[in-house]
Number of protein chains: 2
Amino acid sequence: MSIKPRAVRGRPLLSQAKIVDKALALLQKIPLKEVTMRRLAQELDTTPAALYAYIKNQQDLFNAVTERVISGIDLRDLDHETDWREMLRKWARAVRERQLQFPHVTTIVQVNPHTPVAWFEITEPQLRALQMAGLSGYALMDTSRCFSRVVLGSILNEIMLEAAMIRLEREDADAALEHLSPRGRAAIENLLPYLGDQDNDALFEFTINCVIRGIESALSSEH
Amino acid sequence: MSIKPRAVRGRPLLSQAKIVDKALALLQKIPLKEVTMRRLAQELDTTPAALYAYIKNQQDLFNAVTERVISGIDLRDLDHETDWREMLRKWARAVRERQLQFPHVTTIVQVNPHTPVAWFEITEPQLRALQMAGLSGYALMDTSRCFSRVVLGSILNEIMLEAAMIRLEREDADAALEHLSPRGRAAIENLLPYLGDQDNDALFEFTINCVIRGIESALSSEH
DNA sequence: ACCTGAACACCGTTCAAGT
DNA sequence: ACCTGAACACCGTTCAAGT
């Protein structure tokens, strides 16, 4: 039997950081929905009510968790890169790598839209890359937003839809085809042989390269 | 005082379709979280338990709602288009228009990832456009997935993040800057004058055109 | 100062019982 | 056959009371 430790004067057992740590650890094992205040308290060996001394509410906690994930994106690899195209690729890969590490955290975005402050910090190297490409002012702004959207959107899509997609494609494709119009059916049937080979890594690279080529093409058409 | 109608033999008051109708109507006014079984029952002038005769559970209901939104995407405008680039643009705009009409439904995707069967049907004209561009086999598959991801990702991003983003940019940008590294700060400060003019329509067009140029560029580099 | 226990106002879902 | 009422097992959050 272990004796439950008690707080001694000025030394609380809990802290914001400890709660966020535990939430992040839990989110690597279980989906967002199951990370309840009660479960969190249990894992921290305390009561749900005790958590509220350190966090305002559950939404606030999830914001802190998201912030933690975003600030953990490692962009050091970009520092000595001289080609802006390769910089953008490295940026996109770094963001994706971190998000795929915490897929359940990525789903918070949808439950609770909140742009973390850390995102500003992460965006800086991306802006540098686009400046190296010769962009500034509104064009820089638009291109940056476009690139961020494509990268974040792709990752969101990958994490949230891909699993369901593959299941549907493999198991239910035939059933789904029954309900389609003849034209839709013909289009999909042609593609059935290619459906199985979903490779998310390759698709991500393909998408990023597509956008980078688009940016390049916009640049050269201006000159 | 109105008298509550009662079901007479073989003519139930409720139906799947009526429940989905009401859910969709509600979702135009209130966010997903507030569309509870109790609220839905109340609006339909019945009890929560009665709903379960027509739908398996809440998740199933939300799937049906999503299906309804997706099948409502109007792609007739694409039928007589001869330029594949313009076809892709029209496809993207049609998908966005419908999703923006039901922003709260779009957030279901994240709560409950499930690719609606109707999505197959919607994808067909997009595939036709890409075939017109000269694509087939794996290249067609990859490009289609890439384009769908960019379009869906952008819309998801727009609906879920943009509101928070604008708020943050306008109100909290200064506060956020305090926490940044000097380098990040300099990068963002340069852009502050341009931050206010967020135009989602223009950004969407910009993004779509960027990807279309990327696809074009990939096509021509193969020949 | 820090934490606990119990309560409040909600959920989704089930099922015996009514008409 | 169709619907109701009550119950079950959960939520997030609050707050008086304990140590």
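Residue numbers start from 1 in every chain, and the chains themselves are labelled A, B, ... in the order their sequence lines are given, proteins ahead of strands. None of the values given here were measured: they were computed from a predicted structure.
In terms of heavy atoms, B/E43 sits closest to B/K22 at O-CE, 3.8 Å.
Counting only heavy atoms from C-beta outward, the side chains of B/Q58 and B/L40 never approach each other to under 4.5 Å.
Of the two residues contacting DNA chain D, namely A/A49 and A/V35, the nearest-nucleotide position lying further toward the 5' end is that of A/V35. With the nearest nucleotide of DNA chain D identified for both A/P48 and B/A50, B/A50 has the one nearer the 5' end. Comparing B/E34 and A/L14, the nucleotide of DNA chain C nearest to each residue sits closer to the 5' end for A/L14.
For the pair A/L61 CG and D/dT13 P, the interatomic distance rounds to 10 Å; values are reported in whole Å. Per the geometry, OH belonging to B/Y54 stands 4 Å off P belonging to D/dC3, to the nearest Å. Between the CG atom of B/L32 and the P atom of C/dG12 there is a distance of 10 Å, given to the nearest Å. Regarding A/L40, its CG atom lies at a distance of 14 Å from the P atom of C/dC3, rounded to whole Å. Distance, B/M37 CE to D/dC10 P: 19 Å, rounded to whole Å. Atom C1' of nucleotide D/dT13 and atom NZ of A/K56 are separated by 13 Å, given to the nearest angstrom. Nucleotide C/dG5 holds its C1' atom 12 Å from the CZ atom of A/R38, rounded to whole Å. Note: CG (B/L51) to C1' (C/dG12) measures 11 Å, nearest angstrom.
The pair A/R93-A/E205 meets the salt-bridge criterion, with a side-chain N (NZ, NE, NH1 or NH2) lying under 4.0 Å from an Asp/Glu carboxylate O.
Nucleotide D/dA9 has no partner under the Watson-Crick or G-U criteria, as no pair reaches both atom distances under 3.5 Å. D/dA16 is paired with C/dT4 under the criterion used here, namely a Watson-Crick or G-U wobble arrangement in which both key atom distances are under 3.5 Å.
Among the protein residues, A/A53 comes within range of no part of the nucleic acid, since none of its heavy atoms lies under 4.0 Å from any strand.
For A/T47 and C/dC3, the shortest distance from a side-chain N or O to OP1 or OP2 is not below 4.0 Å. Checking the phosphate oxygens (OP1, OP2) of D/dT4, a side-chain nitrogen or oxygen of B/T46 falls inside 4.0 Å.
Checked against D/dC11, D/dT13, C/dT13, the side chain of B/Y52 finds its nearest nucleotide in C/dT13.
Using a 30° and 60° split on the angle between ring planes, A/W91 and A/F147 fall in the tilted class, from 30° to 60°.
When the shell of 6.0 Å around CD of B/E97 is examined, it contains 12 or fewer heavy atoms from other residues, nucleotides or ligands.
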